[in-house]
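From a predicted model like this one, the values you see are computed outputs, not experimental measurements.
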Amino acid sequence: MTSLIPIRPSRRRFLAGACATGAALAAPALIRPAAARTTTLTVASLLGDDKPETRVWLKIRDLVEERLPGAFRFNIVKNGALGGEKQVAEGARLGSIQAGLSTVSSLSGWVPELQLLDLPFLFRDADHVRRTVEGPVGQDLTKRLEAQSFAVGGFINYGARHLLAKEPIARPEQVKGKTIRVIQSPLHTRLWSAFGCTPVGIPITETYNALSTGVADAMDLTKSAYAGFKLYEVVPYLTETGHIWASGVIFYAQSFWAGLSAEQRNVFAEASREGARLFDHLIVEDQARSVDEARAHGGSVLQPEDREAWQKGAESVWQDFAETVGGLERIRMVQAG
């Protein structure tokens, strides 16, 4: 009868097996980034690939991918397919949209104090706006937005808003009696009412049809968006009133932001700050191209007459909204900044 004698592994075989086992245990750590779950975020953009509104998200996407490879997939939905600014903001609050851009005007329904940045003839230029949003005023508004479920990645500047109309308008009395499309904001409604207009709140994605069918006679908008929505086809006259500097924000849904790790938040925050700087640079270039495009399609750019009369017509808005935005003293402080 043959007896079974246990075979003792040699030291060399034991060490080889141990090394193989150790390598197997270590392997998941090495491949974890590739095998980890990828989080998809739906990002809304009102315009197409060539516009700053979309290009800023391509930049943020690339910066996040560089720092966190494979962790996030940006589903950038363009050309207003998810609705106008208010619809996108509401989607973010509900969690169906994870990120987007918005003018402060469209967010003022949740944070009325944002209307400080929309006061007519308050800012001298883009640098004045930037100093304001990067200082204590911007910090305060960021906290207020966070309280309403918007995580702020950075403030952006869309440029100055100008009057757009179906006929030439140079003096404030010429807009009296006209129906004007306004952004859905109490301040914008009050401003154009002060000039004797009938304001109608219409989402930007519906504005072209409203103007072409006679629902509205005029509107105001930035030069970049004027060309982006091809509005020169229905309101061919742009008067460079520059009455409001259109500030905006890069925002994330709080439900998305809360699910990020501290490291991921830092990456998104830095990418958003860099994206905001890029956006402000791109918008300046895009304004010049937009004016050229409008002119090439029959649009005209006019200079306003009697700028003091335009400013005087808007004076009452400061008084009407002083209490909402923190008082006249705060307005004067920003004006002097």
Verify the distance criterion only: is there a donor paired with an acceptor across the side chains of [X] and [Y] at less than 3.5 Å?
| X | Y | value |
| --- | --- | --- |
| D118 | S105 | yes |
| T222 | H162 | no |
| R190 | S185 | no |
| D220 | H243 | yes |
| H297 | E293 | no |

For atom CZ of R55, is the number of surrounding heavy atoms from other residues, nucleotides or ligands below 6.0 Å larger than 12?
-> no
Within 6.0 angstrom of Q303 CD, more than 12 heavy atoms from elsewhere = yes
So, are [X] and [Y] salt-bridged, with charged N and O less than 4.0 Å apart?
| X | Y | answer |
| --- | --- | --- |
| E53 | K51 | no |
| K143 | E146 | no |
| D127 | R131 | no |

When the ring planes of Y232 and Y226 are compared, do they come out parallel, tilted or perpendicular, using 30° and 60° as the limits?
-> perpendicular
Side chains of V301 and Y237: does their closest heavy-atom pair fall under 4.5 Å?
-> no
Would you say the side-chain atoms of R307 pair up with the backbone N or O of T241, donor to acceptor, closer than 3.5 Å?
-> yes
Answer with yes or no after comparing the ring centroid distance for [X] and [Y] against a 6.0 Å cut-off, counting only values under it.
| X | Y | value |
| --- | --- | --- |
| Y252 | F150 | no |
| F121 | W310 | no |
| F268 | F256 | yes |

L282: which other cluster members, linking ILVMFWY side chains closer than 4.5 Å, directly or transitively?
-> L278
For residues 63-89, the salt bridge (Lys or Arg N to Asp or Glu O under 4.0 Å) pairs (sequence neighbours left out) are D49-K78
